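Numbers here are sequence positions counted from 1. On a predicted model such as this, the values are computed, not experimentally measured, just so you know. When a ligand or atom number is given, it counts from 1 through the structure's own listing order.
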Amino acid sequence: MKKLLIKNIKGLAVAPEGQTGPIRGEQTKRIDLIENAFLAVENGKIADFGPMREMGGVNDWSDLEVIDATGKFVLPAFCDSHTHLVFAASRESEFVDRINGLTYEEIGKKGGGILNSARKLASMPEEELFNSAMKRLSEIRSWGTGAVEIKSGYGLSVESELKMLRVIRRLNEESDLTIKATFLGAHAFPAEFKENREGYVKCVVDEMIPAVAAERLADFIDVFCERNYFTNEQLDAILTAGVKAGLRPKIHVNQFSVMGGVQTGIKHRAVSVDHLEEMSEADFVSLEKSDTIATALPGCSFFLGIPYSPVRKMLERNIAVALATDFNPGSAPNGNMQFILSLACTQMKLTPSEAINAATINGAFAMELGAELGSIALGKKANLILTKEIPSLDYLPYAFAANCVERVIIHK
Ligand code: NIG
Ligand code: FE
């Protein structure tokens, strides 16, 4: 396998050493920057790094790529732990409806929203779905993402949910990004179950979960616990079945209302609970005492004009926070993690270092990938961002809507 040496790096962003779990509290502020640094990759792994003065000579030049990073920074590639990037069509007409006064929830109630996406996905051939998702994947890669979680949930039938998950599996096989798959059959109630919600829950539990598990098509299980969607009791029943089938929970909770989903997720040892725009004191207390990561999705708040998750307060209370895009056609039609950093800093008052840690190492742990990627550490997979020439790492969230990423280096 090709070897790589990056030299003259203006600043190499190294996370605190020996990180065996997500970063919490005060620690989240810390990024150690090695100035004028080098980094060596061998067999796909980070083999060595440090200041230039400690760089040894090269004995073997065969298959060695050398990059001169003068004026540029190297940091871990972004780990986007929550997306819905397999979808059939964009939904800008709903965007216009919202500008004209409808809310996201009202559009959903009228059969738009997730059901709109499900209708379009049902008729799209698998190959086409794959090709469109692959394009989105290359786009997010060019913006700095090296690992990503992708959910099903626009299928809402056994056949279409499996189709989505097969597309996700093929994306993982054919792209160099590391991809984790989440089964989200419980994303909305399809029209034919409108009057028989329990019937759909039964279909998820008795038909979908066994089919997904039999083909090993997913790593995680998700449920959209929300008013007009799945109740806390339904969440509990679906997670019970999912966990039994070997899937770990990563769930949608507290986007619009507090329904007890945070506690149910924690009870089932959820890897993460995501959204959290609305938080009760009891939710803070439960998260403080748990290993579950709180994943905030500021792109969704920006696009829907709903409150931002109170992550500043979460950090103060020692809760592990991850940041993700929620890339989907309804509430966050963009997968640019650099913009997420900018929103986290400007709207949620995170410092650039806190935002970067939440978007890299904690995102990796929120996909159960923390041991292999998400930070610059010896033996970890080479999943790196080489920036353009920029004055500092803080410039990354500061220069909002700019692309500061020159190149993403992935040795899968
Ligand atoms: O995370 N809230 C539920 N699911 C997605 C949006 C899905 C859609 O509108 O297509 C979210 O915001
Ligand atoms: Fe989502």
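- Near Y104, with a cut-off below 4.0 Å to any heavy atom, the atoms of ligand 1 are 6 (C), 7 (C), 8 (C), 9 (O).
- Rounded to 10°, the angle formed at the Fe ion (ligand 2) by H252 NE2 and H84 NE2 is 100°.
- Judged by distance alone, the side chains of N43 and H411 never bring a donor and an acceptor atom under 3.5 Å apart.
- Here's the thing with Y154: one of its N/O atoms is less than 3.5 angstrom from an N/O atom of ligand 1.
- The atom name of the N/O/S atom in H82 closest to the Fe ion (ligand 2) is NE2.
- The six-membered or imidazole ring of F230 lies near that of F189, with a centre-to-centre distance under 6.0 Å.
- Of all atoms in ligand 1, numbered sequentially from 1 with element shown, those under 4.0 Å from a heavy atom of I114 are 7 (C), 8 (C), 10 (O).
- The ring of Y154 has its center closer than 6.0 angstrom to the ring center of H187.
- The N, O or S atom of D326 lying closest to the Fe ion (ligand 2) is OD1.
- Annotation: cation-pi geometry satisfied between K313 and F284 (NZ/CZ under 6.0 angstrom from ring centroid, within 45° of ring axis).
- The one candidate from L287, V285, N232, I251 that meets the side-chain contact (heavy atoms from CB on, under 4.5 Å) condition with V262 is L287.
- Annotation for E277 and L297: closest pair OE2-O, 4.5 Å, computed over non-hydrogen atoms.
- Near D326, meaning under 4.0 Å from any of its heavy atoms, are these atoms of ligand 1: 1 (O), 11 (C), 12 (O).
- At a heavy-atom distance under 4.0 Å, only side-chain atoms of R91, from C-beta outward, approach ligand 1.
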